[in-house]
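A quick write-up on the structure given underneath.
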Amino acid sequence: MPRVLRPATAADLDGVVSVFLGCWHDSYPAVLPPALVAAMTPERATALWRAALAAAAPGEVRVASAAGSGEILGVTRFSLAEDGGTGLVNSLYVGPRAQGRGVGAGLLDAATAALRAAGAAEAHLWAFRANEPARAFYRSQGWREDGTTHVQGEFGEPELRLTHALNAGARS
């Protein structure tokens with residue numbers, strides 16, 4: 001699937017929300033409680049992503065769009081932690097129709113490359129513990145579960161942290 005990876009703009013909001021809700025409503029019912037999935041309404045998702053796009057530094061939200069049509073296929077949001085040596089992949093969503101076609105791997109690679117270029121030695125991300133398909137994807141991309149867990153109050157579901165070494169020669 002020919003695609004373009006580029007920084008997101010405010011004009012991408014509707015496409016990003018569509019991808020995000022597609023994941024929540026098509027993928028998450030298999031791994032999250034029904035009430036949590038239902039609580040992610042279009043209004044809530046739009047507010048969440050409007051705030052994320054507004055708060056991100058230039059280039060910290062990237063989208064994959066279909067070449068030609070410009071349809072948003074996936075989105076990633078990343079940043080440096082306050083310590084400056086750790087990168088954070090805050091979000092990675094690929095629309096259900098684009099999953100399994102390299103979109104997620106391309107977005108994740110772009111995020112880790114940007115974090116490495118910004119000076120991060122390693123990166124972290126969180127995945128719902130029950131979301132084994134996502135965790136398996138991250139492991140296939142060289143990430144490892146490091147044993148750290150938490151529950152974000154907003155979602156109330158356990159999450160596992162995954163870690164990836166970004167500097168050449170380091171072991172993740």
Side-chain angles (χ1 to χ4, degrees), residues 1-32 37 40 45-46 48-49 52-53 56-80 86-146 159-172:
M1 164 182 304
R3 63 188 171 273
V4 175
L5 297 178
R6 61 176 175 75
T9 69
D12 293 317
L13 178 62
D14 290 345
V16 167
V17 169
S18 178
V19 164
F20 178 73
L21 285 173
C23 292
W24 270 83
H25 295 150
D26 289 0
S27 302
Y28 282 0
V31 298
L32 294 176
V37 173
M40 189 54 71
T46 299
L48 186 148
W49 279 100
L53 287 169
E60 286 184 346
V61 179
R62 304 246 174 117
V63 294
S65 60
S69 72
E71 174 191 5
I72 303 298
L73 306 171
V75 60
T76 188
R77 183 173 58 96
F78 56 91
S79 60
L80 281 176
T86 304
L88 306 170
V89 177
N90 309 103
S91 304
L92 177 64
Y93 292 95
V94 175
R97 293 182 302 136
Q99 290 177 6
R101 298 180 179 188
V103 174
L107 285 165
L108 190 59
D109 286 349
T112 56
L115 291 168
R116 183 182 303 110
E122 71 176 8
H124 302 288
L125 61 79
W126 294 93
F128 288 116
R129 181 175 63 201
N131 194 350
E132 180 54 35
R135 292 171 42 218
F137 165 75
Y138 292 126
R139 288 191 303 267
S140 78
Q141 301 300 307
W143 293 71
R144 65 173 175 79
E145 295 173 8
D146 66 14
E159 294 180 273
L160 302 175
R161 189 172 75 179
L162 290 91
T163 300
H164 186 67
L166 299 178
N167 51 352
R171 296 175 57 194
S172 53

Got V19 and V94 here, is their nearest side-chain heavy-atom distance under 4.5 Å?
no
Does S27 use its side chain to pair, donor to acceptor, with the backbone of W24 at less than 3.5 Å?
no
How long is the gap from CG on N90 to CZ on R77, to the nearest 0.5 Å?
4.0 Å
Does any part of the side chain of F128, heavy atoms only, come nearer than 4.5 Å to the side chain of V31, both counted from C-beta?
no
Do T163 and E122 pass the side chain to side chain contact (heavy atoms under 4.5 Å, CB included) test, and can you show the C-alpha distance, the side-chain angles, and the key distance before you say yes or no?
CA-CA 7 Å; T163 300; E122 71 176 8; 3.5 Å; yes
Heavy-atom side-chain contact between L162 and V89 under 4.5 Å:
no
Rounded to the nearest 0.5 Å, what's the gap from OG1 on T46 to CZ on F20? Could you check?
10.0 Å
In terms of heavy-atom contacts, P96 and G22 come closest through CG-O, 3.5 Å
So Y93 and L107, side chain to side chain contact (heavy atoms under 4.5 Å, CB included) or not? Walk me through it.
CA-CA 9 Å; Y93 292 95; L107 285 165; over 6 Å; no
L125 versus F78: any side-chain heavy-atom pair under 4.5 Å?
no
Check A56 against V61 and note the closest heavy-atom contact, atom names and distance.
CB-CG2, 3.7 Å
Contacts under 3.5 angstrom, residues 66-76 side chains, donor-acceptor by atom type, not counting sequence neighbours:
from : atom 1 : to  : atom 2 : distance (Å)
S69  : OG     : E71 : N      : 3.2
E71  : OE2    : R97 : NH2    : 2.4
T76  : OG1    : S91 : O      : 2.8

The side chain to side chain donor-acceptor pair (under 3.5 Å) partners of Q99 (sequence neighbours excluded) come to none
When every non-hydrogen atom of A120 is compared with those of T86, the smallest separation belongs to CB-C, 3.9 Å
Taking every non-hydrogen atom, the tightest pair across A114 and R62
CB-NH2, 3.8 Å
Tell me, do T112 and W143 make a side-chain contact under 4.5 Å, heavy atoms counted?
yes
Please report the closest heavy-atom contact between A123 and L115, naming both atoms and the distance.
CB-CD1, 4.2 Å
Which atom pairs, one a donor and one an acceptor, fall under 3.5 Å between side chains of residues 132-140 and the rest of the protein, sequence neighbours left out?
from : atom 1 : to   : atom 2 : distance (Å)
E132 : OE1    : R135 : NH1    : 3.4
E132 : OE2    : R139 : NH2    : 2.3
R135 : NE     : E145 : OE2    : 2.7
R135 : NH1    : R129 : O      : 2.5
R135 : NH2    : E145 : OE1    : 3.2
R135 : NH2    : E145 : OE2    : 3.2
R139 : NH1    : E145 : OE2    : 2.8
S140 : OG     : F137 : O      : 2.6

Short question: side chain of S18, backbone of D14 - any donor-acceptor pair under 3.5 Å?
no
If you measure from CG on L80 to CG on L88, what distance do you get to the nearest 0.5 Å?
7.5 Å
Supply the atom-to-atom distance Q141 CD to D109 CG, rounded to the nearest 0.5 angstrom.
6.5 Å
From OG1 (T9) to CG (L53), nearest 0.5 Å
8.0 Å
Residue pair L108 / H164, side-chain heavy-atom distance below 4.5 Å:
no
